[in-house]
Number of protein chains: 2
Amino acid sequence: MGQPIRYSHQREAIINFLKTRKDHPTADVVYNNIKQIIPNISLGTVYRNLNQLADAGVILRLACDGKTDHFDGCSTPHCHFMCKTCGAVKDIDINPIDKLLNSAQTNTDDTIDDVSVLFYGYCKDCK
Amino acid sequence: MGQPIRYSHQREAIINFLKTRKDHPTADVVYNNIKQIIPNISLGTVYRNLNQLADAGVILRLACDGKTDHFDGCSTPHCHFMCKTCGAVKDIDINPIDKLLNSAQTNTDDTIDDVSVLFYGYCKDCK
DNA sequence: TTGGGTGCAAATCTTTTGCAGGTGT
DNA sequence: ACACCTGCAAAAGATTTGCACCCAA
């Protein structure tokens with residue numbers, strides 16, 4: 001088991017911020033926005049909280065481009081889209097997740113318990 | 001258009017190495033293996049070539065864990081599986097890619113041209 | 001000959017971590 | 001009080017890049 005999670009002003013602000021965003025910001029974007037509310041918050045704290053929340057399943061960590069993780073305040077599994085030009089990440093409103101998991105599990109000896117579906121392309125503004 | 005790509009011993013060795021592997025090694029693993037063939041190759045050269053080849057569509061770049069990219073010598077779209085314990089990445093033999101692309105494209109105004117499907121779980125040896 | 005390619009090392013960027021002090025319960 | 005949390009700054013990793021030289025075409 002992990003350690004108990006206690007209340008903290010910083011963590012609360014991070015969760016609330018993520019829930020207001022439809023895009024899926026990087027740790028750095030979270031940091032810069034939270035700084036406007038808690039000016040002396042540190043980047044390390046932002047990372048610690050994002051990791052803790054992702055590990056606890058409260059938020060989702062998205063590996064979009066192998067460089068910088070993005071975070072999603074909604075932890076229900078769903079599909080994402082990333083624009084190759086501007087880097088924006090957004091939700092895609094289709095839900096093949098359960099079907100994919102079943103189909104994959106029948107084809108392997110490994111134990112599958114999660115899947116990430118990420119579309120790439122060009123968004124309206126960049127095409 | 002990108003620049004013309006010329007022959008190089010190093011690039012050739014990298015492509016050949018990737019094609020012999022069923023797993024999908026990181027840049028660092030590629031570097032350490034290629035060094036046994038070309039002892040004085042540099043890590044920078046490995047990165048430059050992997051990026052160049054991925055951009056040209058010759059190989060696939062896989063963002064598996066947000067830390068380190070993995071590279072796949074087979075550029076045909078297919079699904080992957082990553083073990084949460086040992087970090088091994090392997091192919092999954094199902095092919096929902098075309099269906100996913102169609103289904104997503106009908107649900108968005110953005111232009112979709114690619115998708116990455118990555119399953120997570122525990123492999124036979126780690127479960 | 002020329003422009004891409006390379007090795008090397010320094011630089012950059014992202015993320016983690018040790019530490020001393022702060023705070024929720 | 002006790003454990004968890006934080007800010008700070010240094011450390012650790014991963015990847016990129018500037019530069020001078022090399023080599024394929």
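As the structure is a computational prediction, the values presented were derived from the model and not from experiment. Within every chain, numbering begins at 1; the chains are lettered A, B, ... in the order of the sequence lines, protein sequences first and strands thereafter.
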[X] [atom1] to [N] [atom2], straight-line distance once rounded to whole Å:
X     : N      : atom1 : atom2 : value
A:R61 : C:dT16 : CZ    : C1'   : 12 Å
B:I38 : C:dT6  : CD1   : P     : 9 Å
A:I5  : D:dT6  : CD1   : C1'   : 15 Å
B:F71 : D:dA14 : CZ    : P     : 13 Å
A:N49 : C:dT15 : CG    : C1'   : 14 Å
B:I37 : C:dT6  : CD1   : P     : 15 Å
A:H9  : C:dG22 : NE2   : C1'   : 14 Å
A:D69 : C:dT16 : CG    : C1'   : 13 Å

Quick check: does any side chain N or O of [X] sit under 3.5 Å from a backbone N or O of [Y], one acting as donor and the other as acceptor?
X      : Y     : value
B:Y120 : B:C64 : yes
B:D72  : B:C74 : yes
A:H70  : A:H24 : yes
A:R61  : A:L50 : no

Heavy-atom distance under 4.5 Å between the side chains of B:T108 and A:K124, does that happen here?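 Heavy-atom side-chain distance check fails, nothing below 4.5 Å.
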With a 4.5 Å cut-off on side-chain heavy atoms, are B:I59 and B:I14 touching?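 The answer is no; the side chains never approach within 4.5 Å.
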Would you say that more than 12 heavy atoms from the other residues, nucleotides or ligands in this model lie under 6.0 Å from the NZ of A:K99, or not?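 No, because the 6.0 Å sphere around NZ of A:K99 holds 12 heavy atoms or fewer from other groups.
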Could you tell me whether the phosphate oxygens of [N], OP1 or OP2, come under 4.0 Å of any side-chain nitrogen or oxygen in [X]?
X     : N      : value
A:Q52 : D:dC5  : yes
B:K67 : D:dT15 : no
B:N40 : C:dC8  : no
B:N51 : D:dT15 : no
A:Q10 : C:dT23 : no

Under 4.0 Å from any atom of DNA chain C, heavy atoms only: list the residues of residues 17-35 of chain A that qualify, in numerical order.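 Going residue by residue through residues 17-35 of chain A, none turns out to have a heavy atom under 4.0 Å of DNA chain C.
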Heavy-atom contacts, protein to nucleotides 17-25 of chain D, under 4.0 Å, summarised as B (base), S (sugar-phosphate only) or - (none) per nt, yield BB----BBS
Can you figure out which of C:dC8, D:dC4, C:dG5 approaches the side chain of A:P4 most closely?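 Closest nucleotide among those given: D:dC4.
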B:K84 and A:D113 ion-paired at < 4.0 Å: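 A:D113 and B:K84: salt-bridged.
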Is there a path from B:F17 to B:L62 through hydrophobic residues (I, L, V, M, F, W, Y) whose side chains come within less than 4.5 Å of each other?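 Looking at the clustering, B:L62 is in a separate group from B:F17.
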